[in-house]
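The residues of the chain are indexed from 1 along the displayed sequence.
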Amino acid sequence: MTATSTFDRAALRQGASVALVFALPFSIGSRLLADHSPGSPWIAVLWLLALGGFALGAGIASWTQRSGMPLLHGMLCASGTYAAAQLVFVVIRLVRGGDPRWLAMLFTFTAVLFAGLVGGGLGSLLQHRGIMPSSQRIDREETR
């Protein structure tokens with residue numbers, strides 16, 4: 001099996017879209033608050049909500065994938081989405097003359113990877129329990 005057939009690209013796109021919509025605003029809010037009010041307790045709350053958004057996106061990717069590898073899809077969705085967003089943030093920081101916080105990004109990447117594993121596990125659990133997305137139910141009914 002080749003790498004291109006291993007991944008369900010449609011599932012990864014769906015999961016990444018959800019992750020970006022739910023995780024990115026909280027991630028940006030956490031970063032802005034950390035820059036302007038470093039002692040605020042809301043930084044941690046927003047950061048945890050961002051992790052929840054990555055887990056949700058990973059869960060969608062793993063739940064909707066059809067290649068039989070839900071955990072891999074969850075982790076790839078969360079880590080890929082985080083890496084893409086961080087690439088944009090690093091470019092913006094460099095253009096503004098700042099230095100990227102590489103260690104902080106590595107720590108956060110590890111946490112996002114774990115959130116992807118959790119989301120992937122939840123999506124896998126849904127599949128194993130027979131709870132399918134409506135698009136897959138419709139496809140299954142059409143093949144009968």
Side-chain angles (χ1 to χ4, degrees), residues 1-140:
M1 185 180 289
T2 64
T4 55
S5 65
T6 302
F7 302 114
D8 185 337
R9 292 176 190 261
L12 289 171
R13 275 193 305 273
Q14 288 174 341
S17 298
V18 170
L20 287 174
V21 166
F22 287 97
L24 203 57
F26 293 122
S27 180
I28 292 170
S30 175
R31 180 76 263 149
L32 289 174
L33 198 56
D35 288 344
H36 295 10
S37 181
S40 176
W42 287 102
I43 297 169
V45 172
L46 291 174
W47 189 78
L48 289 172
L49 287 171
L51 282 181
F54 285 115
L56 180 63
I60 296 295
S62 72
W63 184 43
T64 59
Q65 60 83 32
R66 297 178 185 199
S67 63
M69 298 176 24
L71 292 179
L72 182 62
H73 278 77
M75 290 174 30
L76 183 63
C77 173
S79 62
T81 306
Y82 174 78
Q86 282 306 309
L87 179 65
V88 172
F89 295 149
V90 165
V91 168
I92 291 171
R93 186 173 287 262
L94 289 172
V95 166
R96 291 178 144 185
D99 290 325
R101 296 180 178 120
W102 299 112
L103 190 59
M105 284 188 276
L106 181 62
F107 170 75
T108 305
F109 180 78
T110 305
V112 168
L113 198 56
F114 181 73
L117 182 62
V118 169
L122 292 173
S124 177
L125 183 66
L126 288 174
Q127 278 189 345
H128 287 296
R129 298 241 171 143
I131 302 170
M132 295 180 297
S134 59
S135 62
Q136 290 180 10
R137 263 192 312 240
I138 292 169
D139 291 345
R140 185 177 276 181

Query - Shortest non-hydrogen separation from Ser62 to Gly74 and the atoms involved - result: CB-N, 4.2 Å

Report task. Would you name the heavy atoms of Ala78 and Val112 that are closest together and state the gap between them? Result -> O-CG1, 3.4 Å

Under 3.5 Å, which donor-acceptor pairs do the side chains of residues 90-108 form with other protein atoms, sequence neighbours left out?
| residue | atom | partner | partner atom | Å |
| --- | --- | --- | --- | --- |
| Thr108 | OG1 | Ala104 | O | 2.9 |

Report task. Taking the side chain as every heavy atom from C-beta outward, state whether Phe26 and Leu51 have any pair of such atoms under 4.5 Å apart. Result -> no

Query raised in the report: When Ile43 is tested against each of Leu33, Leu48, Leu32 for side-chain contact (heavy atoms from CB on, under 4.5 Å), which residue passes?
Result: Leu33

**Report entry** Taking every non-hydrogen atom, the tightest pair across Gly53 and Phe22
**Finding:** CA-CB, 3.9 Å

Report task. Indicate yes or no: at least one non-hydrogen side-chain atom of His73 is less than 4.5 angstrom from one of Ser67. Result -> yes

Query raised in the report: How would you list all residue pairs meeting salt bridge (charged side-chain N to carboxylate O under 4.0 Å, His left out) that involve residues 67-86, not counting sequence neighbours?
Result: none

**Report entry** Least distance between heavy atoms, Gln65 atom then Gly68 atom
**Finding:** OE1-N, 2.9 Å

Query raised in the report: For the atom pair OG (Ser124) and CG (Leu117), what is the distance rounded to the nearest 0.5 Å?
Result: 10.5 Å

**Report entry** Nearest-0.5 Å distance, SG of residue Cys77 to CG of residue Leu72
**Finding:** 11.0 Å

Requested in this report: Locate the shortest heavy-atom distance separating Trp63 from Gln127; write the atom from each residue and the value.
Outcome: O-NE2, 2.8 Å

Query raised in the report: What distance separates Leu122 CG from Leu56 CG, expressed to the nearest 0.5 Å?
Result: 10.0 Å

Query raised in the report: How long is the span from the CG atom in Leu49 to the CZ atom in Phe54, to the nearest 0.5 Å?
Result: 12.0 Å

Query raised in the report: Around Phe89, counting heavy atoms of other residues, nucleotides and ligands shown, do more than 12 lie under 6.0 Å from its CZ?
Result: yes

Report summary line: Distance col, row Leu76:CG vs Leu113:CG, nearest 0.5 angstrom, shows 10.0 Å

Query raised in the report: Say you draw a straight line from OG of Ser30 to CH2 of Trp42; how long is it, rounded to the nearest 0.5 Å?
Result: 12.5 Å

Query raised in the report: Nearest heavy-atom pair of Thr64 and Pro133: which atoms, and what distance?
Result: CG2-CG, 3.6 Å

